[in-house]
Each structure stands twice: as C-alpha cells, then as structure tokens.
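Report on one structure; see the data block that follows.
We name chains A, B, ... by the order of the sequence lines, and we start the count at 1 in each one. Since we're looking at a predicted model, the values are computed, not measured.
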Number of protein chains: 2
Amino acid sequence: MKVEQCNGSRLWDSIMEIGQIGHVDSKDSKVGGCHRLALTDKDKAARDLFIKWAKEVGATSRIDPAGNLFLRVDGQDNQLAPIVTGSHLDTQPTGGKFDGIYGCLAGLEVLRCLYEQKIKTLRPIEVAVWTNEEGARFKPAMLGSGAYAGIFKLADVLNTKDAEGIRFGDELERLGYSKIMSEGFFPIHQYYELHIEQGPVLEAKDVDLGIVTGVLGMKWFQVQVKGTSCHAGPSPMSLRNDALVGAAKMITRLTEVTEQNGINSRCTIGEVTIPNASTNVSPGEVYFSLDLREASSEALQELQTKAFENIHQMAFQLNLEVTIKETWSLPPCPFDKDCLANIQIACEVSYPEISPCPIVSGAGHDAVYVSRVAPTAMIFVPSEKGLSHNECEYTSPEQLEKGCNVLLNTILRAAN
Amino acid sequence: MKVEQCNGSRLWDSIMEIGQIGHVDSKDSKVGGCHRLALTDKDKAARDLFIKWAKEVGATSRIDPAGNLFLRVDGQDNQLAPIVTGSHLDTQPTGGKFDGIYGCLAGLEVLRCLYEQKIKTLRPIEVAVWTNEEGARFKPAMLGSGAYAGIFKLADVLNTKDAEGIRFGDELERLGYSKIMSEGFFPIHQYYELHIEQGPVLEAKDVDLGIVTGVLGMKWFQVQVKGTSCHAGPSPMSLRNDALVGAAKMITRLTEVTEQNGINSRCTIGEVTIPNASTNVSPGEVYFSLDLREASSEALQELQTKAFENIHQMAFQLNLEVTIKETWSLPPCPFDKDCLANIQIACEVSYPEISPCPIVSGAGHDAVYVSRVAPTAMIFVPSEKGLSHNECEYTSPEQLEKGCNVLLNTILRAAN
C-alpha cells in the first residue's frame with residue numbers, strides 16, 4: 001500500500017483561519033477560543049467558507065433537510081456507496097478551535113491531497129458537516145447526525161427551539177440552509193471520524209494516536225429539589241428547609257460516589273437554576289442538570305441507580321422533595337471491527353514507530369448516531385491537559401498532522 | 001391613659017384588598033402570595049390605592065425625591081416634628097401579603113381610627129411608605145429609607161439600575177412618583193414600625209407580641225470560584241477542576257459552620273450563577289451570593305472571619321481560585337430606649353394578660369436607616385411557621401389586630 005502524506009501546515013492554517021469566525025481572545029489560550037453556536041450567523045459564515053474551500057478542489061455540495069452538509073468527490077464507480085468522514089463546525093459557548101472543526105478540516109485536507117495528487121479512488125468520498133453537534137444551543141446534542149440516522153424524526157428536529165424560543169427549522173431557512181437535497185438518508189459504505197480526545201488519557205500515556213473502540217453511554221437528567229423558601233435573616237439555621245443547601249450536598253455526594261465507582265464513571269453537574277433567586281432569600285426550589293456516563297449499559301444503569309439512591313437518601317435526610325426527569329440518553333456504542341482494522345493498518349504504515357492507544361471515548365460524537373446505519377470508527381489525537389469545551393483547548397500542529405495522515409490512508413484503503 | 005381600639009376586620013380586609021395587586025395563586029397558601037416588585041406598574045397601583053384610602057380619612061400626601069410617600073394628618077401644633085410610622089409596599093419575587101404591607105396598612109388603620117374618633121393629637125402623625133425596601137429589583141435593599149436618612153446619596157439612588165438596566169430614577173418618572181416634595185429629609189420626633197416577625201421565635205414561644213430591641217447586623221458578599229471547565233465525558237473524575245463542585249462543598253461547609261456558631265448566626269446563599277452553563281460542561285467558573293448576619297459587630301466580624309477561612313481552605317484543598325467581594329453591609333442596630341418604653345406601656349394597657357417577648361430582628365428594616373436620624377423602635381407579631389419571603393407567609397387577623405392596637409396606643413402616647 002502506497003503511503004500518502006497530507007500537508008500539515010495547510011491543515012493548521014485552515015483550522016486557524018476558520019477559527020477566526022467566532023474567535024474569542026483568551027490570555028491563557030495559545031490560539032484563543034471560539035464561540036460559534038449552531039445555526040447562528042457565525043455558523044453560516046464557517047459553513048460558507050468550508051463549502052468554498054471544498055469546491056476549489058472539485059467537490060460538489062449538497063445539504064440534507066436537517067442542514068447537514070456533504071462535500072463529495074466522485075470515485076471511479078459512482079454507483080458504489082461513498083466513504084464518508086467528517087464532524088461538526090459548531091462550538092460550545094466557551095469552546096475552542098479544534099473540537100469538531102479538526103475532523104471537518106482534516107476531511108477537507110484529504111480532498112485537497114486527492115485533488116493535488118490526482119488520485120481517483122474506486123468509491124466516491126464525502127466530507128460531512130453535521131448540524132448542532134454540541135447541543136449547546138438546541139437540545140439535545142447531535143441533532144443533525146441523529147436526523148440523518150433516523151434517531152430523531154425530521155419534524156421534531158425542525159421544531160426544536162433554543163432558549164429564546166427560536167426554531168431550528170426557522171434558523172435553517174433564515175440562513176439559506178434548508179431543503180437543498182430532497183432526501184435525508186443515503187447509504188454510507190463506511191464512516192470515519194477524526195477528533196481531538198477532549199480528555200487527558202493520550203497525553204498521560206504520551207501517545208499521539210488513539211484508536212477509538214467505542215463511546216461511553218450517557219444519560220441526562222434534570223433534578224428538581226424542593227424545600228421551603230424563607231427570609232435570610234429571621235430563620236435560625238436549624239429551622240430552615242433550604243433547597244440549595246440540599247442540592248449542594250447532593251452535588252458533593254454524587255461526585256464522591258462517581259469518583260469511587262470506577263475509571264470510566266463520569267458525573268457532571270453543568271447547570272444550576274434557582275427560580276426567583278434573591279440574595280436574602282433562602283431558596284425553596286433548585287434545579288440542576290445531571291450528566292452520567294459509563295462504558296457498558298450495565299455499568300451505566302448501576303451508576304444511575306447509585307446516583308438516584310444517594311439523591312433520594314439526601315432528600316429524605318434533609319426533608320426535601322426531589323423529582324428526577326430523564327431528558328436524554330445515548331447507549332454505549334462499540335465501533336465496527338473492519339473500520340478499526342483499517343485504522344490500525346493506516347497507523348502502522350504511516351507511523352510504524354507509534355503503538356496507537358485503544359481508547360473509549362467519554363464524549364458523544366456524531367459517529368455514534370452514524371454507527372447505527374453504517375460501519376463506523378474514530379481516530380483520536382491528544383488534547384493538551386485534556387481540555388475541551390474550553391478556550392484553552394489545544395492540539396499541536398504535529399499531532400494534528402499525524403491524525404490527518406492516518407485518516408487519509410484509512411480512507412484510501414477503505415475507498416479502494 | 002385611655003385605651004383605643006382599632007377595627008381589626010377593616011385592617012384585614014384592606015390588607016387582603018391591596019394584596020390583590022400582584023396576587024399569586026398558591027395552593028399551599030391560606031391567602032395566596034404577592035409578586036409586586038418595587039417601582040413596577042403593580043407597585044404604583046398599590047401606592048395609588050393607599051393614597052386614595054389615606055385621603056378619605058383626611059390625610060395629605062407628599063412624595064420625596066426617592067419616591068417615599070408620606071400621608072400626614074395635622075396635630076394641634078404643626079410646628080412640632082411628627083410621629084411617623086410605616087413600612088413598605090414592595091415584595092420579594094415570591095413574596096407574601098404581609099411583609100411590609102402590614103406596617104403600612106396598620107398605619108392607615110391608625111389614621112382611620114383617629115378620623116372616626118375625631119382625635120387630634122398634639123403632634124402631627126405621618127404614615128410612611130418607603131421605596132424599594134426588599135432590594136429584589138434594585139440593589140441594595142432599603143434604598144428609599146436609606147436616601148431619606150442620608151445613608152445613600154440621592155443621585156446614586158436614582159442611578160441604581162435593575163437587572164435589565166432600567167434606572168430607579170427613570171421608573172419614578174415613568175410612574176409619576178418623582179420630585180413631588182422638594183426636600184428629602186424632614187425631622188421626625190419618633191419612628192415606630194410594626195412588622196411581621198418573618199421568623200419562628202414568637203410562634204415557638206406562643207406570644208403574639210414582640211418588642212424589637214434591635215436588628216442583626218448583616219453583610220453581603222459575592223464569591224467567585226474559578227477552576228477549569230472541561231467536557232463532561234472524557235475527563236476522569238480525579239483529573240477535574242470543577243468550580244461548581246467546589247462551590248457546593250463551600251456552601252455545605254458554610255452552612256455547617258454557621259449552624260455551630262450560635263443562635264443569632266445566619267448564613268444564606270440565595271443566588272448561584274454559572275457563566276455559559278451547559279449540561280455537558282464541567283463548570284470552570286461559579287459565582288454565589290453570601291448573606292451573613294449576627295447580633296453584634298464583634299460577632300458578625302467573627303462569623304465573617306470563620307466563613308472566609310473555610311472558603312479559602314476549601315479552595316486551597318481543591319486547587320480553585322476564589323475572590324470574595326463585599327457588596328453591602330448594615331451594622332447591628334440597637335433601638336431607642338424611650339420608644340421601647342412607649343411600646344412596653346402600650347402593650348401593658350392594651351393586653352395586660354400578655355408578656356411581650358423582647359426579640360432581635362434577623363431581617364433588615366427601613367427602621368434601621370430611620371434610626372440613624374430619629375429615635376426608633378419596632379413591634380413584631382408572629383409569622384406562621386416563621387415563613388416570609390414566601391407565598392405561604394401568614395399571620396392571623398387576631399394577631400394583626402393585636403399588633404395594630406399596640407401601634408395605635410404607642411402613637412397616641414408618643415404624639416401627646
């Protein structure tokens with residue numbers, strides 16, 4: 001197998017250029033952060049630039065009804081299902097320049113290499129940009145790839161509203177990203193997604209390449225804690241029924257329980273809301289979000305049971321009422337063996353000196369939904385200090401180049 | 001001394017009627033809650049009704065530059081400084097129908113009794129309605145009485161903005177409550193404020209009358225906790241630097257420390273803010289409010305020192321940065337001995353069978369600021385279950401009548 005090489009500095013420059021759209025200055029970050037929520041004007045600007053670049057190297061573009069972009073170069077036999085790679089261009093509110101963006105731009109770099117080297121693979125190749133992966137603006141996350149894979153009904157996706165009540169479908173219309181391809185689904189032969197790890201494992205092991213064998217299952221909940229609000233001054237501490245103090249104890253306990261549970265257990269409280277909050281009112285009602293993750297369905301169920309037991313136990317001790325509502329879930333997702341084998345071989349031929357690290361992803365990715373309808377696997381490169389969803393997110397140009405070379409040679413192998 | 005009697009059912013009916021302005025249905029409340037933030041259209045409606053009622057019994061109205069209302073009936077010698085009573089008509093977002101409102105309406109009931117009985121006291125009598133006592137809309141609390149007493153500069157009060165950036169002064173203009181009396185301050189001979197206890201002490205002691213010897217000192221702080229935000233999935237629990245988990249542990253610890261500190265120690269966290277919160281982001285930054293109260297300056301300082309030590313200790317243990325900013329304070333306030341003696345005598349003549357309970361108020365009141373410029377004291381009646389700043393706030397018609405009779409006879413004694 002002939003080994004191809006991408007242009008690492010071109011890849012880096014493109015990531016930096018598209019990262020200017022939504023760039024956020026941050027004195028602690030090497031390259032600045034990025035604030036580019038899904039289906040905003042900034043998201044459109046990034047998508048437009050991406051399409052322009054892809055067309056310059058001979059790709060055609062199409063858009064499905066959920067706003068997912070596909071940039072395609074023909075193969076020798078266009079009746080064959082394509083090899084698809086890609087990721088997303090939207091970010092978290094305090095996002096960086098690499099999460100998602102790297103996977104899209106590495107896909108573009110593959111197209112650029114094929115164009116430059118005049119390589120025509122047997123199968124067509126497409127680079128996908130999935131809509132609203134982050135779930136920061138429209139909940140739940142991964143709406144675009146979920147619509148593509150039939151996890152969500154298209155009508156539901158289009159009717160999803162952001163915190164201000166703006167419809168997903170109306171934003172697609174407004175930005176000119178609606179109904180350009182009549183059908184959503186088309187068959188994919190294999191799907192590969194290249195991504196930053198967003199965790200500290202590869203860095204800790206000092207390995208620049210990770211082969212992702214699967215993704216942690218996850219469940220989202222909204223927890224409501226009810227006590228009795230009272231004025232801050234006149235009520236002795238011992239006679240209070242403070243929902244926030246209860247929530248604080250629950251958060252502390254949940255974190256401890258999860259720490260003790262196992263290496264793959266994750267518990268995150270990202271949002272806390274106190275309705276009608278006031279400095280001198282002891283809160284009578286508090287809401288918090290709860291994100292639980294584990295590697296297998298059984299382990300996830302066990303973690304959930306432990307979490308619920310502890311929440312209810314604490315509520316009972318403190319004479320608080322508690323209601324827990326599941327808002328989203330994603331089962332654990334093992335990836336396809338053939339796809340993993342292709343990545344393994346591409347690693348060996350590109351970097352025989354590196355032993356790539358098998359790793360389970362803690363974060364959800366569009367690859368999880370795509371894996372329901374096509375053989376799928378992922379490649380990781382390290383994240384400095386494990387940071388992501390953070391303005392300080394960083395991966396070096398050399399590491400990005402290594403991941404892209406593995407993607408390039410994986411796709412060439414898969415498409416021929 | 002002749003003992004006068006107020007009309008308890010008229011007092012109750014008026015409290016219920018004015019409570020319809022901003023009424024909130026609540027299945028757990030006997031009479032419903034009230035949502036009537038300062039200088040909103042609802043606040044204006046309540047003030048307008050109050051003025052109408054006062055004018056019906058011969059009072060004249062004037063408004064000072066901070067929007068404080070004064071409803072005055074002449075005395076035999078109008079050169080003498082008036083006896084003033086009053087409170088506020090604004091509520092917390094989840095307020096009840098009695099906090100503040102009772103003091104104003106009891107003042108009105110005093111005017112109604114004087115009118116009915118054709119009693120003319122030596123000194124004039126005025127009922128005050130102070131603006132923005134709660135501090136729920138415009139911070140800090142007690143802006144109106146603070147402006148009157150010269151604690152705050154008028155220009156600063158008028159420039160205070162609510163969370164939406166609307167100026168206090170602009171709202172006064174809009175509602176027609178600006179500059180109707182040219183000067184703010186006028187001398188007060190004595191000031192009496194009748195209020196619900198807002199705490200559980202009188203109910204626990206089964207005594208319907210409290211003579212308030214002073215008010216707990218209080219300090220407000222904003223605490224900023226900084227860690228490092230990261231993606232909810234890929235970071236093992238042990239490698240996180242979660243600001244919310246830190247804040248939760250601080251809130252738990254602060255509450256414990258305060259519980260152990262003493263009967264008059266209070267610690268309330270009413271507000272928690274996570275900038276750019278997202279369900280699947282482990283928070284890197286959290287703000288929370290801290291309200292500390294104690295009976296003496298020394299005890300308050302000691303409580304603050306303990307609180308700060310514990311916050312900093314926790315931050316050090318968890319590798320978090322912490323910044324604490326004082327946002328407001330009010331020193332402990334002992335009330336005037338002559339005023340307290342007048343109340344004591346009025347209790348004895350009105351209710352010889354009751355031994356009124358001496359009590360320290362945990363909540364701040366307009367009386368605290370007025371006490372800086374005039375001899376002042378307060379009377380308390382019980383709050384059911386100690387609830388206040390809560391839709392279930394309740395005091396029985398009989399208890400309200402008792403407090404009003406004590407106020408009436410206190411004022412008659414003071415004004416003659």
Pick from B:V215, B:V360, B:I274 with the largest number of heavy-atom pairs that fall under 4.5 Å of chain A: B:I274

Hydrogens and angles aside, do B:R240 and A:T268 bring a side-chain donor and acceptor to less than 3.5 Å of each other? yes

Can you give me the closest heavy-atom contact between B:S229 and A:T94, atom names plus distance? OG-OG1, 4.3 Å

Interatomic spacing from CD in B:E256 to NZ in A:K249 - rounded to 0.5 Å: 5.5 Å

Chain B contacts, top residue of A:E271, A:E259, A:Q222 (heavy-atom pairs, under 4.5 Å): A:E271

Among B:T273, B:T252, B:T228, B:L216, single out the residue with the greatest number of heavy-atom pairs under 4.5 Å to chain A. B:T252

Between A:S361 and B:P234, is any pair of side-chain heavy atoms under 4.5 Å apart? no

So for atom NZ, which belongs to A:K139, do other residues, nucleotides or ligands contribute more than 12 heavy atoms lying within a distance under 6.0 Å? yes

Check each atom of B:Q92 against the heavy atoms of chain A and say whether the ones under 4.5 Å are side chain, backbone, both or neither. side chain

Got a second to check how far B:D242's CG is from A:I269's CD1, nearest 0.5 Å? 7.5 Å

Can you tell me which of A:G284, A:S388, A:P236, A:G270 forms the most heavy-atom pairs within a distance under 4.5 Å of chain B? A:G270

Pairs of heavy atoms under 4.5 Å with chain B: top-ranked of A:A204, A:A247, A:S278, A:P283: A:S278

Measure B:L239 against the heavy atoms of chain A and call it side chain, backbone, both or neither at under 4.5 Å. side chain

Counting heavy-atom pairs under 4.5 angstrom with chain B, the leader among A:S383, A:P200, A:S282, A:C392 is A:P200

Please give me the minimum heavy-atom distance between B:C230 and A:H389, naming the atom from each residue. C-CB, 4.4 Å

For B:D291 and A:T279, run side chain to side chain donor-acceptor pair (under 3.5 Å): C-alpha distance rounded to whole Å, both residues' side-chain angles, the deciding distance at 0.1 Å, then the answer. CA-CA 7 Å; B:D291 173 321; A:T279 301; over 6 Å; no

Which of A:L244, A:T327, A:L387 touches chain B most, by non-hydrogen pairs under 4.5 Å: A:L244

Under 4.5 Å heavy-atom distance to chain A, tell me which part of B:S265 shows up: side chain, backbone, both or neither. backbone

With side chains defined as the heavy atoms from C-beta onward, is the minimum distance between B:C267 and A:M237 less than 4.5 Å? yes

Taking C-beta and beyond as the side chain, do B:N280 and A:W220 meet within less than 4.5 Å on heavy atoms? yes

For chain B, find which of A:G386, A:A141, A:G233 contributes the most heavy-atom pairs closer than 4.5 angstrom. A:G233

